[in-house]
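Written out below as structure tokens is the structure these notes cover.
Note: hydrogens, waters and symmetry copies are ignored here, and every other heavy atom, side chains too, is used.
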Amino acid sequence: MLSNNDSSAPDNGAVSSENKYTLGILGGLGPFASAEFLKTIYEYSPGTREQLLPRVVLYSDPTFPDRTEILLGGSHAQLLERFIDALQKLCGLGVSNVVVCCVTIHYLLSELPSDLREKIISLVDIIFAETIQKRQRQLLFCTHGSRKLDIFGSHSQWKRAAEFIVLPDEVDQESIHAMIYKMKTGQDIDSHLPVLDALLSKYEVDSFIAGCTEMHLLSKRVAMTHGYDCIDPLISIARSCKSCLI
């Protein structure tokens, strides 16, 4: 997964002094999710010595404007400029690939210069690949921005995955959006578990899609305490980092 766009990523878990693979994370959108993702990478990585862990650069900039607000407002030139600038700074640090810890801003991937776009590991692509592979009904948790911008519905694999993606109704989408924005402020994650429980029960599913990176905070918690299954692209990337040792 991580080696799609970079020939320097290793083919196995062997340590090599010549391997310079470095994963970049564009974070701060929001900061708690990207910080937790960095932690997850090391939790999922093998090795008893810190020297065996993956090389990661986190660029966290919480001053990015609200993606839902800007993109639904119809004028995103300044957001795109900030996006490009941040990616260029990460690439200037020698990263091999970049994970952008915001699903909503994936809407702008097609407008990026090709050299930057090719570096990015698409969270949306991972979600669709795993949804098609699992062939299990999943309730989609994402922001208003992602829903209204049709980030999922416009994906090339939508027709293959649509029967497995359950979209919440308008009222429940409002509740999900509110929950996501509360998690952005660092509120106690456990306080959101009743909302998750109720929604999964209502839509008669026992699995969900973390279609917003804030859901990573919740998906890790429920995996440990509630036994729910989920598709979380950040966990998938963290698992694959074991093949990208320094």
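In terms of hydrophobic clustering, with Ile, Leu, Val, Met, Phe, Trp and Tyr side chains grouped at heavy-atom distances under 4.5 Å, M179 and V171 are assigned to different clusters.
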Show your working on side chain to side chain contact (heavy atoms under 4.5 Å, CB included) between C142 and F152 and close with a plain yes or no. CA-CA 10 Å; C142 68; F152 297 94; 4.0 Å; yes

Run the numbers on M215 and M183 for side chain to side chain contact (heavy atoms under 4.5 Å, CB included), then give the verdict. CA-CA 8 Å; M215 289 299 297; M183 285 193 283; 3.8 Å; yes

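The shortest non-hydrogen separation linking L90 to G24 is CD2-CA, 4.3 Å. Between S75 and I70, the shortest heavy-atom distance links the atoms O-CG2, 3.5 Å. Scanning both residues, L140 and P168, for their nearest heavy atoms gives O-CD, 3.5 Å. Closest heavy-atom contact between C101 and L234: SG-CD2, 4.3 Å.
Under a 3.5 Å cut-off, the side chain of E214 and the backbone N or O of G30 do form a donor-acceptor pair. No donor-acceptor distance shorter than 3.5 angstrom exists from the side chain of R117 to the backbone of D115, with no hydrogens or angles considered. A donor-acceptor pair is defined here as one N or O able to donate and one able to accept, closer than 3.5 Å; such a pair exists between the side chain of S191 and the backbone of D188.
The closest side-chain donor-acceptor pair between D125 and H155 falls under 3.5 angstrom.
Atom OG1 of residue T104 and atom CG of residue L149 lie 7.5 Å apart, to the nearest 0.5 angstrom. To the nearest 0.5 angstrom, T22 atom OG1 is 10.0 Å from N97 atom CG. In this structure, CG on L29 lies 7.5 Å from OG1 on T213, to the nearest 0.5 angstrom. Going from atom CD of E43 over to atom CG of L38 covers 10.0 Å, rounded to the nearest 0.5 Å. With rounding to the nearest 0.5 angstrom, the CZ atom of R137 is 10.5 Å from the OH atom of Y203. To the nearest 0.5 Å, atoms NE2 (H216) and SG (C230) are separated by 9.5 Å.
Within 6.0 Å of NZ on K39 lie no more than 12 heavy atoms contributed by other residues, nucleotides or ligands. In this structure, Y107 places its OH atom where only 12 or fewer heavy-atom neighbours from other residues, nucleotides or ligands lie under 6.0 Å away. Annotation for K182: atom NZ does not count as buried by contact number, only 12 or fewer foreign heavy atoms lying within 6.0 Å. Within 6.0 Å of CD in E111 there are more than 12 heavy atoms belonging to other residues, nucleotides or ligands.
Checking I176, L218, T143 one by one against C212, the side-chain contact (heavy atoms from CB on, under 4.5 Å) holds for a single residue, T143.
Applying the ring-ring contact (aromatic ring centres under 6.0 Å, His included) test to every pair with at least one member in residues 161-187, sequence neighbours left out, gives these pairs: H144-H177, H177-Y181.
Aromatic ring orientation, W158 versus F128: perpendicular (interplanar angle above 60°, classes split at 30° and 60°).
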Donor-acceptor list for residues 79-87 side chains, cut-off 3.5 Å, not counting sequence neighbours:
unit_1	atom_1	unit_2	atom_2	d
R82	NH2	D61	OD2	3.0
R82	NH2	T63	OG1	2.9
D85	OD2	K89	NZ	3.2

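For K134 and D229, the salt-bridge test passes: some basic side-chain N is under 4.0 Å from an acidic carboxylate O.
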